[in-house]
Number of protein chains: 2
Amino acid sequence: MPPTGKGGRYHHGDLRAALIETAIELIGEHGVRGFSLAEASRRLGVAVSAPYAHFADRSDVLAAIAVRGYQAFAAELAPYEDPALPPAGRLAAMASAYVRFAAAQRPLFEVLYDADVDKDRHPELAAAEKPVRDAFDCSVAALTGGDEVPTRDLATALEAAARGYALFYLDGQFGEGAAAVDEAAARAARATLALIASRGLLSGP
Amino acid sequence: MPPTGKGGRYHHGDLRAALIETAIELIGEHGVRGFSLAEASRRLGVAVSAPYAHFADRSDVLAAIAVRGYQAFAAELAPYEDPALPPAGRLAAMASAYVRFAAAQRPLFEVLYDADVDKDRHPELAAAEKPVRDAFDCSVAALTGGDEVPTRDLATALEAAARGYALFYLDGQFGEGAAAVDEAAARAARATLALIASRGLLSGP
DNA sequence: GTCTATACCCGGATAGAC
DNA sequence: GTCTATCCGGGTATAGAC
């Protein structure tokens, strides 16, 4: 993403897109907590006020990043939506994909699940999330037959476990490097299968 | 925790303890992210420089809070350490206690599992964590017979699930109020039992 | 659409008086 | 042990020129 050609600075193809790109970089370096519009502007060589021509405020940038995050994640899940495949295997693959997504796109994952972007102030987020929800919920329903309570209880358990493994990985508890990702993803997949196998225990007594 | 009696301000019984107390309050209001020594000082009516007589810096305060957090959590787990009880039930109770602790002591929970207090710079944390680790690990080992790999794999799965449920609760996904806590805790306990029941699926193929 | 400039608020941390 | 005072750096956001 180099300058568009006029001068040394950023004058300018698409500052909006460049800001999102740079913000993601910065979140990768300092975490969501430490990201600021000011630093992004500096890195792009524009004035600190420039972003305000494209975004209302800081949280508006995070919301835009979140939308991209949901799109990227939905794309990862797409291969496992095929209803012809066995539901348990699909869910295990999705758990694995969840952990891998957290690893490969850590900044996006953080924005989705760690930044608290106000979903009321940014309604487009709910829409962006829907494909992800659907991919997951459909597979769970395929497994439970669609009965209300067991479906919800199993879905919650699977999500909780996947999130837990992803966080453990991000905390470095599996170590660093490709092997760590593989291990975390594999364990998440196995835990998914274990929960599915004993799903009868998940709903009330 | 009112003033010690001299004047209207805080002059002073135990500023160190009062700071910890106030910091926990503030974390409850703004999250770990938003807590600052300056605001704590203001709330206590002391100079912003006063804390530095008791703590090296901001992270030192968080470390002190973390120590208290581990102590409080260990106390919650104590009833379930009894080796006479069945291990599966103990682990289910611990998962439930984990979620309840997150709910009842949210600020402490955040400091323990969300603030990244540098464990190298604050070695006392490892010591404080040990009772918690032990309570949990012993119960898992009692269940698996102590074999290295299955013990670690099951422990990871149970922790991941409990953490996931706690986060879901804190995100408000179970709703608000006492009923929400009960539900989240109950589901965490059931998921624990489900994972234990299918623990054969957790270790490699 | 981007600039310069600015107003404003916040935080961490230190020096030196009492 | 606490105060006052201060330095320094950082961020958000706006106004007005080009």
Side-chain angles (χ1 to χ4, degrees), chain A residues 1-23 25-27 29-65 111 115-118 121-122, chain B residues 1-23 25-27 29-65 111 115-118 121-122:
Chain A
M1 296 106 239
T4 43
K6 286 200 179 178
R9 300 289 178 87
Y10 223 97
H11 272 229
H12 203 193
D14 190 348
L15 180 57
R16 187 189 153 87
L19 275 167
I20 291 178
E21 216 61 47
T22 302
E25 269 179 39
L26 288 174
I27 292 168
E29 295 166 28
H30 312 311
V32 192
R33 315 157 121 84
F35 149 73
S36 73
L37 286 182
E39 191 176 357
S41 305
R42 248 177 275 128
R43 186 164 293 194
L44 284 169
V46 300
V48 293
S49 61
Y52 293 91
H54 302 274
F55 299 96
D57 56 24
R58 179 182 184 278
S59 87
D60 217 39
V61 179
L62 290 177
I65 294 174
V111 173
D116 16 57
V117 212
D118 191 337
R121 284 188 47 195
H122 302 280
Chain B
M1 295 112 241
T4 44
K6 285 200 179 178
R9 301 290 176 88
Y10 224 97
H11 273 230
H12 203 199
D14 190 348
L15 179 57
R16 187 189 153 88
L19 275 168
I20 291 178
E21 215 62 46
T22 303
E25 269 179 41
L26 288 174
I27 292 169
E29 294 165 27
H30 312 311
V32 191
R33 314 157 121 85
F35 149 73
S36 73
L37 285 182
E39 191 176 357
S41 305
R42 249 177 272 129
R43 187 165 292 194
L44 284 169
V46 299
V48 293
S49 62
Y52 293 92
H54 302 276
F55 299 96
D57 56 24
R58 180 181 184 276
S59 87
D60 218 38
V61 179
L62 290 177
I65 295 174
V111 173
D116 17 57
V117 212
D118 190 337
R121 283 187 49 196
H122 301 280

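All chains are named by letter (A, B, ...) in the order of the sequence lines, taking the proteins before the strands, and each is independently numbered beginning at 1. Just so it is clear, the structure is predicted and the values come from calculations on it, not from any experiment. In what follows, every heavy atom counts, from backbone to side chain, and hydrogens, waters and symmetry copies are set aside.
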Next on the checklist: Counting the atoms with a prime plus P, OP1 and OP2 as sugar-phosphate, which does A50(B) contact under 4.0 Å by heavy atoms, base, sugar-phosphate, or nothing?
Outcome noted: sugar-phosphate

Checklist entry - Of all residues at least two apart in sequence or in a different chain, which pass the side chain to side chain contact (heavy atoms under 4.5 Å, CB included) check with A23(B)? => result F35(B), V61(B), I65(B)

Checklist entry - Rounded to the Å, how far apart are R16(B) CZ and dT2(D) P? => result 12 Å

Item to check | Pairs flagged by side chain to side chain donor-acceptor pair (under 3.5 Å) wherever residues 32-42 of chain A is involved - sequence neighbours left out | outcome: H30(A)-E39(A)

Next on the checklist: Just the rounded figure in Å: distance from C1' of dG1(D) to CG of L44(B).
Outcome noted: 14 Å

Checklist entry - Given atom CG of L26(A) and atom P of dG11(D), what is their separation to the nearest angstrom? => result 10 Å

Checklist outcome for this item: Given protein heavy atoms under 4.0 Å, the one-letter contact record of nucleotides 13-18 of chain C, with B base, S sugar-phosphate only and - none, is simply BBB---

Checklist entry - For the pair made of CZ in R42(A) and P in dG9(D), what is the distance, rounded to whole Å? => result 12 Å

Next on the checklist: The criterion is side-chain hydrogen bond (donor to acceptor under 3.5 Å, both in side chains); which residues satisfy it with R43(A), sequence neighbours excluded?
Outcome noted: E25(A), E29(A)

Checklist outcome for this item: Which of dT2(D), dG12(C), dT2(C) is nearest the side chain of A53(B)? It is dT2(D)

Checklist entry - To the nearest 10 degrees, what angle separates the axes at the start and end of the helix from dG1(C)-dC18(D) to dC18(C)-dG1(D), five pairs each? => result 0°

Next on the checklist: Please give me the minimum heavy-atom distance between V32(A) and I27(A), naming the atom from each residue.
Outcome noted: N-CG2, 3.7 Å

Checklist entry - Over how many whole Å does the gap from H30(B) atom NE2 to dG11(C) atom C1' extend? => result 13 Å

Item to check | Rounded interatomic separation in angstrom, taking CG from D14(A) and C1' from dT2(C) | outcome: 14 Å

Next on the checklist: For a quick test of reading the model, state the closest non-hydrogen atom pair linking L37(B) to P51(B) and the distance between them.
Outcome noted: CD2-CB, 4.4 Å

Checklist entry - Quick one: side chain to side chain contact (heavy atoms under 4.5 Å, CB included) partners of A17(A), sequence neighbours excluded? => result D14(A)

Checklist entry - Can you list the residues that meet the salt bridge (charged side-chain N to carboxylate O under 4.0 Å, His left out) rule with R121(B), with sequence neighbours excluded? => result D57(B)

Next on the checklist: Classify A38(B) by what it touches in the nucleic acid, base, sugar-phosphate, or nothing, heavy-atom distance under 4.0 Å.
Outcome noted: sugar-phosphate

Checklist entry - Less than 4.5 Å apart, any side-chain heavy atom of H122(B) and any of D60(B)? => result yes

Next on the checklist: By nearest atom, which of the nucleotides dT12(D), dG12(C), dC3(C) is closest to the S36(A) side chain?
Outcome noted: dT12(D)

Checklist entry - Between R43(A) (CZ) and dG11(D) (P), how many Å, whole number? => result 12 Å

Checklist outcome for this item: Closest to the side chain of H54(B), out of dT4(D), dG11(C), dT2(D), is dT2(D)

Checklist entry - Given atom CD of E39(A) and atom P of dG9(D), what is their separation to the nearest angstrom? => result 15 Å

Item to check | Closest approach of H54(B) to L15(B) (non-hydrogen atoms, all atoms of both residues) | outcome: NE2-CB, 3.7 Å

